[in-house]
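Lettering of chains follows the sequences in order, A, B, ..., and the numbering in each one begins at 1.
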Protein chains: 4
Amino acid sequence: MVSKPPPDATRRSEKSRRAIYAAALSLVGEVGYPRTTVEGIAARAGVGKQTIYRWWPSKADVLLEAFLDLSRQAAQEAGQEPYAIPDTGDLAADLKAVLRLTVDQLLDPRFEAPSRALAAEGLVNEPLGREFVTKLLEPQLQLYVDRLRAAQEAGEVRAGVDCRIALELFVSPLAQRWLQHTGPISYDYTDTLVEYALHGIASQPPRSA
Amino acid sequence: MVSKPPPDATRRSEKSRRAIYAAALSLVGEVGYPRTTVEGIAARAGVGKQTIYRWWPSKADVLLEAFLDLSRQAAQEAGQEPYAIPDTGDLAADLKAVLRLTVDQLLDPRFEAPSRALAAEGLVNEPLGREFVTKLLEPQLQLYVDRLRAAQEAGEVRAGVDCRIALELFVSPLAQRWLQHTGPISYDYTDTLVEYALHGIASQPPRSA
Amino acid sequence: MVSKPPPDATRRSEKSRRAIYAAALSLVGEVGYPRTTVEGIAARAGVGKQTIYRWWPSKADVLLEAFLDLSRQAAQEAGQEPYAIPDTGDLAADLKAVLRLTVDQLLDPRFEAPSRALAAEGLVNEPLGREFVTKLLEPQLQLYVDRLRAAQEAGEVRAGVDCRIALELFVSPLAQRWLQHTGPISYDYTDTLVEYALHGIASQPPRSA
Amino acid sequence: MVSKPPPDATRRSEKSRRAIYAAALSLVGEVGYPRTTVEGIAARAGVGKQTIYRWWPSKADVLLEAFLDLSRQAAQEAGQEPYAIPDTGDLAADLKAVLRLTVDQLLDPRFEAPSRALAAEGLVNEPLGREFVTKLLEPQLQLYVDRLRAAQEAGEVRAGVDCRIALELFVSPLAQRWLQHTGPISYDYTDTLVEYALHGIASQPPRSA
DNA sequence: GATTAATCGAGACGGTACGTCTTGTCTTAGG
DNA sequence: CCTAAGACAAGACGTACCGTCTCGATTAATC
């Protein structure tokens with residue numbers, strides 16, 4: 001007899017849930033994550049604090065779900081999500097195109113504050129971090145894995161290359177620049193990343209290949 | 001309405017400063033960053049709260065300085081800091097070696113908690129983030145830039161390659177895996193990164209090169 | 001904007017009502033009045049909260065009715081209620097006897113907690129206080145008035161004495177000792193009260209009587 | 001290691017203490033005891049909640065001290081408090097006079113709400129009740145005991161009468177009428193009480209006296 | 001016996017206050 | 001003047017209840 005029985009989800013107020021999502025996202029955008037409080041979210045959503053604590057264990061989880069919801073919505077708005085990177089036969093062009101879309105999204109102010117906040121919280125709060133990675137990051141990365149695998153089968157990528165590692169060559173640099181402000185983000189930059197990642201930076205081919 | 005005159009640093013208590021660094025680092029290691037409080041640091045350091053607020057604007061800044069201090073100490077202990085990546089003439093080998101050292105440091109428990117905490121806080125607290133990047137990250141990255149530039153002059157790296165971008169091909173993937181737990185970290189992994197980054201993942205050379 | 005139509009009392013669940021009374025009384029006895037909550041009563045009674053709010057305006061009213069019910073029951077158990085103080089012709093003896101019964105009741109643990117709670121709430125919540133006085137206290141006091149009036153007619157009590165005030169001479173001291181713990185309660189004590197009230201404490205008769 | 005060390009009383013803010021007393025008394029007067037909250041007191045006093053919780057365990061204790069302070073002040077204002085019931089040699093007159101003063105005080109609106117609230121809380125919260133009785137009620141009652149004892153030595157009161165019980169004959173009825181609204185309060189009423197208590201209500205002297 | 005309308009147990013809801021914790025400022029005493 | 005200590009105003013935390021509301025599921029009186 002340690003923990004409360006879980007609440008009855010069938011009786012949950014849809015209106016409140018949406019109001020909470022909206023309040024959480026707008027507050028994070030306006031005052032930043034650390035100054036966004038559960039009380040503030042409840043007040044702006046016109047909701048009792050208990051209604052938040054009933055369904056989420058912390059403000060980080062509220063924000064995570066709110067962001068997932070926002071992503072889902074944005075995906076729907078953007079037409080039937082392809083859920084795949086296009087395959088025109090030209091790997092470099094395809095990767096450049098999809099990275100340009102990612103750049104656009106990273107610079108969209110609706111996404112910036114909450115996703116940065118979630119990423120930050122995820123670094124320090126491991127369960128949340130795992131959920132963030134599992135639910136948001138990995139599905140995206142898997143698309144790259146799929147496209148690279150297809151390229152590998154088509155002979156465009158060297159056999160033996162681990163696609164899960166390969167994708168990090170262009171995704172991680174972009175992620176780090178964005179997260180840590182270690183450099184500017186642009187189409188040129190991502191195009192360059194694709195170029196370098198595909199053909200390497202060395203002037204000579206590897207000795208034993 | 002001017003801001004307070006700065007306190008007289010010549011009369012500052014060295015003992016307190018060191019006790020505060022130690023308390024901050026140990027608390028972050030023990031209870032995590034969010035549950036580390038200024039009061040807790042003051043109590044463990046046997047110091048008045050005002051002594052902290054007099055010299056640092058926030059707990060993040062305390063931790064940043066504490067961590068810088070720790071890094072300086074660790075560097076000294078590790079013998080006279082080379083402050084350069086070795087240049088044996090074999091770029092791949094040199095990069096692999098230095099990345100292996102980085103792996104060792106990332107897995108050192110003394111460093112893990114505070115540096116992860118600082119990275120997280122830096123994402124969301126821009127001034128701190130810039131300081132973190134400027135004082136800790138950039139100097140490290142510059143070493144890579146220098147080594148790559150030397151390789152470029154030696155003809156090992158293609159002319160026209162932007163070394164600042166090139167270094168991200170092996171540094172950022174490692175950073176992301178470590179920060180966001182998106183994958184395991186090992187010597188094999190970093191070796192592979194160097195391999196891919198130097199020679200690319202494509203099976204064919206670029207069309208117009 | 002009229003108030004709700006009153007609920008249909010004919011369809012009321014007798015079982016629930018009794019369960020609520022029992023739960024209210026036992027909770028007040030166990031955890032005290034302030035920590036007795038409507039939610040707690042509902043939970044212990046196995047009843048929805050609305051079933052309480054449908055029939056009573058507040059927890060104080062629940063407790064008042066529960067206590068009235070308990071009193072009624074106790075009266076029935078104690079044989080056919082006399083509803084009068086016996087009149088043996090000896091006023092002192094009759095008063096002593098009935099006060100001894102009152103002492104017994106005040107010390108009965110079933111009654112103590114709820115009646116003290118009701119008295120307390122009544123001090124601060126005037127409507128409830130009036131109801132408490134009207135329904136519980138006054139009927140009891142009236143018995144004294146009747147007995148004293150009879151004694152007055154029999155010449156045992158001085159003509160001109162206001163019986164409503166006279167009864168307070170032995171009832172109020174007992175009530176105050178019990179309510180405010182200002183002294184112990186015993187048969188000796190109430191016997192003494194009767195003695196003093198009947199014959200006064202002065203050594204001389206009044207100057208002008 | 002169970003409880004906090006007590007705070008350092010020498011550094012206590014006198015201004016805050018007085019503001020808290022004033023806020024507590026005015027709130028109880030305006031909205032009644034149950035709707036007076038610690039938060040409300042803190043807000044009106046311009047004080048942090050912790051400053052209240054640091055020095056008092058509950059709102060009842062705040063109110064008790066506030067009331068004690070008010071009583072002390074009122075006593076000082078009323079000239080050098082005699083701290084004794086006058087002894088003119090005429091016991092009945094002296095008692096009537098002091099009871100009339102009590103009537104005045106009971107009807108003073110500054111005192112009514114808080115003292116009724118404290119009495120109520122004391123019924124149900126035994127430690128507070130004992131403190132209320134010890135610090136406020138008993139000192140008052142002792143004055144009666146002293147005056148009655150003097151009268152007894154002067155032969156005005158029958159030897160053998162227990163003065164502690166005797167005083168209740170006129171004090172308790174007044175207290176009960178006031179607390180429980182069981183009847184009106186007036187000079188006539190208290191005069192009558194003294195009359196009855198001194199000379200009894202019986203028409204005949206006791207059989208064995 | 002089926003219909004129907006209100007009560008029932010249950011519990012989610014918008015709120016308020018609780019008592020605790022921490023922040024960053026201010027005050028006091030001591031060196 | 002810096003220091004250790006800690007009281008202070010402020011305000012968020014997460015919990016407990018309040019009194020209202022909305023669900024099916026009884027359930028009792030009418031058809």
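One cannot find a donor-acceptor pair under 3.5 Å joining the base of F/dC8 and the side-chain atoms of D/Q50. Between the side chain of D/K49 and the base of F/dG11 there is no donor-acceptor pair of N/O atoms closer than 3.5 Å.
Residues B/F132 and A/Q180 are in side-chain contact: their nearest non-hydrogen atoms beyond the backbone lie under 4.5 Å apart. The shortest distance between side-chain heavy atoms of A/L63 and A/I41 does not fall below 4.5 Å. Here the side chains of C/V62 and C/V38 are not in contact, with every heavy-atom distance at 4.5 Å or above.
Among all heavy-atom pairs drawn from B/P34 and A/V124, the shortest one is CG-CG1, 3.6 Å. When all heavy atoms are compared, the tightest approach of C/A113 to C/G29 is CB-CA, 3.9 Å.
Taking for each of A/S58 and D/D8 the nucleotide of DNA chain F with the nearest heavy atom, the 5'-most of the two is the partner of D/D8. A residue-by-residue look at C/E14 and A/V47 shows that C/E14 has its nearest nucleotide of DNA chain E further toward the 5' end.
When the nucleotides E/dG9, F/dC2, F/dA7 are ranked by their closest atom to the side chain of B/R54, F/dC2 comes out on top.
For B/D61 and E/dT23, the CG to P distance is 14 Å, given to the nearest whole Å. One interatomic measurement links the two molecules: NZ of C/K59 to P of F/dG19, which rounds to 9 Å at whole-angstrom precision. Remark: C1' of F/dA7 and CD1 of D/I52 are 14 Å apart, rounded to the nearest angstrom. If you measure from atom CZ of C/R12 to atom C1' of E/dA6, you get 14 Å, rounded to the nearest angstrom. For D/R18 and F/dC8, the CZ to P distance is 14 Å, given to the nearest whole Å. Atoms OH (D/Y53) and P (F/dA10) sit 17 Å apart, rounded to a whole Å.
Residue D/S16 places none of its side-chain N or O atoms closer than 4.0 Å to OP1 or OP2 of F/dC8. Look at C/W55 and you won't find any side-chain N or O under 4.0 angstrom from OP1 or OP2 of E/dA6. Listed pair B/T51 / F/dA4 meets the phosphate criterion, a side-chain N or O lying under 4.0 Å from OP1 or OP2.
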Are any protein N/O atoms closer than 3.5 Å to N/O atoms in nucleotides 24-29 of chain F? If there are, list each pair with its distance.
from   : atom 1 : to    : atom 2 : distance (Å)
F/dT27 : O2     : C/R11 : NH2    : 3.1

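Both cation-pi conditions hold for B/R12 and B/W55: the charged atom is under 6.0 angstrom from the six-membered ring centre and inside a 45 degree cone around its axis.
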Please report the C-alpha distance between D/L70 and D/F111 in whole Å, then the side-chain angles of each, then the deciding distance to 0.1 Å, and finally whether the side chain to side chain contact (heavy atoms under 4.5 Å, CB included) criterion is met. CA-CA 9 Å; D/L70 177 65; D/F111 285 81; 4.3 Å; yes
Applying side chain to side chain contact (heavy atoms under 4.5 Å, CB included), run through B/V133 and A/H181 and close with a yes or a no. CA-CA 8 Å; B/V133 166; A/H181 305 287; 5.8 Å; no
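Within the structure, salt bridge (Lys or Arg N to Asp or Glu O under 4.0 Å) pairs that include any residue of residues 53-70 of chain A comprise A/D69-A/R72 (at least two apart or interchain).
Residues of residues 23-46 of chain B that place a heavy atom closer than 4.0 Å to DNA chain E, in numerical order, are B/T37, B/V38, B/E39.
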